[in-house]
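Note that the structure is a prediction, hence the values are computed from the model and not measured. When a ligand or atom number is given, it counts from 1 through the structure's own listing order.
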Amino acid sequence: MARLLDIIFDLILAVAAVRFIASTFRRFFGPATGHPPRSPHAGFSPGQEKQTIRGETVRDPVCGMFVSTELSHRLEWHGTFLHFCSDECLEQYQKRAAS
Ligand SMILES: [Zn+2]
């Protein structure tokens, strides 16, 4: 009788272990069932923010005005970002660089 209880107990442990392994597997290799994967922040491009520190103030190379990198008109220039107070300054810079 005691042996039978031992076997049942072992069986319960085995089932619990299998379930634990299965749930761990799911966590690492994507969910097969249950929670859908969380989508990355919508409407936010993480690649852009890596170029500059958030909230930094930089000088507009055209008019010399200081602009926030968060609010500026950006132009990617030779791997870096240039910041302008307006589209007019941005266009002027592009024209100057082209000539
Ligand atoms: Zn400007």
Side-chain angles (χ1 to χ4, degrees):
M1 196 59 194
R3 234 194 122 142
L4 188 70
L5 280 174
D6 262 5
I7 291 163
I8 291 164
F9 187 70
D10 280 353
L11 210 71
I12 291 162
L13 270 183
V15 168
V18 165
R19 279 192 184 177
F20 175 76
I21 290 161
S23 71
T24 308
F25 246 81
R26 246 177 260 144
R27 215 171 291 162
F28 282 105
F29 301 103
T33 54
H35 312 289
R38 273 186 205 168
S39 59
H41 307 286
F44 179 78
S45 51
Q48 238 178 8
E49 287 304 317
K50 279 175 188 168
Q51 297 291 330
T52 51
I53 301 157
R54 278 181 75 86
E56 204 185 338
T57 308
V58 290
R59 208 169 164 185
D60 180 327
V62 175
C63 68
M65 190 180 149
F66 282 94
V67 288
S68 165
T69 55
E70 279 185 81
L71 305 167
S72 66
H73 295 252
R74 282 177 221 183
L75 173 71
E76 201 178 348
W77 195 257
H78 299 296
T80 54
F81 279 100
L82 289 171
H83 300 270
F84 302 91
C85 67
S86 60
D87 274 324
E88 283 80 13
C89 281
L90 196 153
E91 277 165 32
Q92 217 175 310
Y93 189 88
Q94 281 177 311
K95 271 181 211 164
R96 235 189 260 180
S99 62

Mind listing the side-chain donor-acceptor pairs of residues 90-99 below 3.5 Å, one per line with the distance, residues two or more places apart or on another chain?
{"from": "Ser99", "atom 1": "OG", "to": "Lys95", "atom 2": "O", "distance (Å)": "3.4"}
{"from": "Ser99", "atom 1": "OG", "to": "Arg96", "atom 2": "O", "distance (Å)": "3.1"}

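- Protein atoms that are N, O or S and lie under 2.8 Å from the Zn ion (ligand 1) are these: Asp60 OD2, Cys63 SG, Cys85 SG, Cys89 SG.
- Thr57 places no side-chain N or O within 3.5 Å of a backbone atom of Phe66 that could act as its donor or acceptor partner.
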For this session: List the steps and the verdict of side-chain contact (heavy atoms from CB on, under 4.5 Å) for Leu4 and Ile8.
Result: CA-CA 6 Å; Leu4 188 70; Ile8 291 164; 4.2 Å; yes

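- Taking both residues in full, the closest heavy atoms of Cys85 and Asp60 are given as N-OD2, 2.8 Å, listed atom of the first, atom of the second, then distance.
- Every residue two or more places apart in sequence or in another chain that forms a side chain to side chain donor-acceptor pair (under 3.5 Å) with Asp87 is listed here: His73.
- Checked against side chain to side chain contact (heavy atoms under 4.5 Å, CB included), Ser68 has the following partners two or more places apart in sequence or in another chain: Glu70, Leu71.
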